[in-house]
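So the structure is just underneath, and the comments pick up after that.
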Amino acid sequence: MPLNWVQSLLNWYRENKRNLPWREQKDPYAIWVSEIMLQQTRVDTVLDYYRRFLGRFPNMASLAEAELDEVLKYWEGLGYYTRARNLHRGAGEVMTKHRGVFPDNHRDVLALPGIGEYTAGAIMSIAFNEPYPAIDGNVLRVASRLFLLEQDIKSTGVKKEVEGLLKGVFPRQECSDFTQALMELGALICLPTSPKCQECPVQRDCKAYRHNRQQELPLKSKSGRQKKVQRYIAIVQERDRVLMGKRPERGLLGGLWEFPGVEGQNMEDFRQFKKEYNLEVTPCEHWIDTKHIFSHITWDMKVYRCSCRPEAIRESPLQWVYIQELHNIAIPTAFQKIREKILQEKNVSPTGTGR
DNA sequence: AATTCGGGGGA
DNA sequence: TCCCCAGAATT
């Protein structure tokens, strides 16, 4: 009697799984951190962040006691910064509501901030070995081919269908490996384009392969186009300090530091500084241009060295930041080039930065 | 149900 | 260029 596809998949996983740092133990805290980092983020990108983060915040208490700004600094460049905020807040909730012990039931796990259906399922199955499916992009792609699901995989109906199908076949003693095996198959074999069906452990059970339609699946609705926005940025320096602002907690790049700037069509929009920052600046020297591409927006940034009246700064929400401190605050990738140039200039000509 | 939210890698 | 990635929260 041939093995069913679940056993075949499990056998393949145990032979071929990658050695990843979050697979070296079953600590729910460490699994939690890894799952949050891996949301919409590739494994290769996460590896270094994960090691540094766990080195600094090795357990729930250390994370809960840390300052949010330091957590954001460790998240700098990783994107989706709400994840870091929710991770920090979640650690606080575990300390106060669960006596510092990560909850081991689905309801309480799902209630933590930043944890949705996928992450709750991942933690319950991987860390606690319980039969809760974790349906991510990989699993949806694998399932759409394995079961020949011909609807948009982003629809809630397909997710519910996959959830039901997986719950029906969960190997009760091997939930942890099963969840990870499905994702590993999607990451290594059942690729978005040109899947490696010849190496696939469940080829025999794959409906899409049987009908030679694996290239057509999964079906997915198209995403919108990206907008282009010009952004004028003012670099205001005096001696060894530079003017910066902290972005609001909510919204794009929430809670991170930025060089003051406004969106606009032309130079005249520098006047908007008065509205947005309660600050008047006089653009004087065009410094550099830089570009940053987000998922849906492209920032074309025109950067000017500026000056302003000292009293205007006191009335603005902006703050002077020592240039040395630029290393210690969280600045989004969009502004890294500007930061580097300021640091470079400071190091190269320590006496000649004044005008 | 549709948008928002980062950033990087690959076709 | 566009899509994709161990998605969640908001509207």
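A, B, ... follow the sequence lines: proteins, then strands. Residue 1 opens every chain.
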Listed nucleotide nearest any side-chain atom of [X], set [options]:
{"X": "Leu38(A)", "options": "dC4(C), dA6(C), dC3(C)", "result": "dA6(C)"}
{"X": "Tyr118(A)", "options": "dA6(C), dG7(B), dC4(C)", "result": "dA6(C)"}
{"X": "Tyr81(A)", "options": "dG6(B), dA6(C), dT4(B)", "result": "dG6(B)"}
{"X": "Arg250(A)", "options": "dC5(C), dT4(B), dT10(C)", "result": "dT10(C)"}
{"X": "Ser295(A)", "options": "dT4(B), dG6(B), dG8(B)", "result": "dG6(B)"}
{"X": "Lys220(A)", "options": "dA9(C), dC4(C), dG6(B)", "result": "dC4(C)"}
{"X": "Val43(A)", "options": "dG7(C), dC5(C), dA6(C)", "result": "dA6(C)"}

Is [X] close enough to [N] that one of its side-chain N or O atoms is under 4.0 Å from OP1 or OP2 there?
{"X": "His292(A)", "N": "dG7(B)", "answer": "yes"}
{"X": "Gln40(A)", "N": "dC5(C)", "answer": "no"}
{"X": "Thr156(A)", "N": "dA1(B)", "answer": "yes"}

[N] base to [X] side chain: any donor-acceptor pair below 3.5 Å?
{"X": "Thr41(A)", "N": "dG6(B)", "answer": "yes"}
{"X": "Thr45(A)", "N": "dG8(B)", "answer": "no"}
{"X": "Tyr80(A)", "N": "dG6(B)", "answer": "yes"}

Rounding to an integer number of Å, can you tell me how far [X] [atom1] sits from [N] [atom2]?
{"X": "Ile123(A)", "N": "dA8(C)", "atom1": "CD1", "atom2": "C1'", "answer": "13 Å"}
{"X": "Glu76(A)", "N": "dG6(B)", "atom1": "CD", "atom2": "P", "answer": "14 Å"}
{"X": "Arg83(A)", "N": "dG7(C)", "atom1": "CZ", "atom2": "C1'", "answer": "9 Å"}
{"X": "Lys154(A)", "N": "dC4(C)", "atom1": "NZ", "atom2": "P", "answer": "8 Å"}
{"X": "Phe294(A)", "N": "dG7(B)", "atom1": "CZ", "atom2": "P", "answer": "5 Å"}
{"X": "Met37(A)", "N": "dG7(B)", "atom1": "CE", "atom2": "P", "answer": "15 Å"}
{"X": "Gln39(A)", "N": "dC5(C)", "atom1": "CD", "atom2": "P", "answer": "14 Å"}
{"X": "Leu112(A)", "N": "dA9(C)", "atom1": "CG", "atom2": "P", "answer": "10 Å"}

What heavy-atom pair brings [X] and [Y] nearest, and what distance separates the two atoms?
{"X": "Tyr277(A)", "Y": "Gly261(A)", "value": "CE1-O, 3.5 Å"}
{"X": "Gln203(A)", "Y": "Cys197(A)", "value": "NE2-O, 2.8 Å"}
{"X": "Glu93(A)", "Y": "Ala111(A)", "value": "OE1-O, 4.5 Å"}

What nucleic acid atoms does [X] come within less than 4.0 Å of, heavy atoms only: base, sugar-phosphate, or nothing?
{"X": "Val139(A)", "result": "nothing"}
{"X": "Trp299(A)", "result": "nothing"}
{"X": "Arg18(A)", "result": "base"}
{"X": "Gly186(A)", "result": "nothing"}
{"X": "Leu78(A)", "result": "base"}
{"X": "Arg85(A)", "result": "nothing"}
{"X": "Glu117(A)", "result": "sugar-phosphate"}

Problem - Reported CD1-to-CD1 distance for the pair Ile31(A) and Ile36(A), which is rounded to 0.5 angstrom - result: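 Between atom CD1 of Ile31(A) and atom CD1 of Ile36(A) there are 12.0 Å.
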
Practice task
Hunt down the Watson-Crick or G-U wobble partner of dT1(C), both distances under 3.5 Å, from any strand shown, or write none.
Solution key: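 Pairing partner: dA11(B).
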
Exercise for the section: Please tell me which of Asn138(A) and Gly114(A) maps to the more 5' nucleotide of DNA chain C, matching each residue to the nucleotide holding its nearest heavy atom. Expected result: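 Here Asn138(A) is the residue nearer the 5' end.
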
Problem - DNA chain C: 5'-proximal contact among Ser34(A) and Pro113(A) (nearest heavy atom) - result: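 The residue closer to the strand's 5' end, by nearest nucleotide, is Ser34(A).
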
Using the [atom1] atom on both, measure [N] against [M] and round to a whole Å.
{"N": "dG10(B)", "M": "dA6(C)", "atom1": "P", "answer": "13 Å"}
{"N": "dT11(C)", "M": "dG6(B)", "atom1": "P", "answer": "15 Å"}
{"N": "dC3(C)", "M": "dT3(B)", "atom1": "P", "answer": "15 Å"}

Exercise for the section: For Ser155(A) and for Gly254(A), find the nucleotide of DNA chain B with the closest heavy atom, then tell me which residue's nucleotide is more 5'. Expected result: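 Result of the comparison: Ser155(A).
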
Problem - Expected output: side-chain Lys246(A) to main-chain Gly255(A) donor-acceptor under 3.5 Å - result: yes

Problem - Mutual orientation of the aromatic rings belonging to Phe335(A) and Trp299(A) [parallel < 30°, tilted 30-60°, perpendicular > 60°] - result: tilted

Practice task
Take the angle between the ring planes of His286(A) and Tyr304(A) and call it parallel below 30°, perpendicular above 60°, tilted in between.
Solution key: perpendicular

Practice task
Using a strict cut-off of less than 4.0 Å between a Lys/Arg side-chain nitrogen and an Asp/Glu carboxylate oxygen, indicate whether Arg309(A) and Glu315(A) qualify as a salt bridge.
Solution key: no

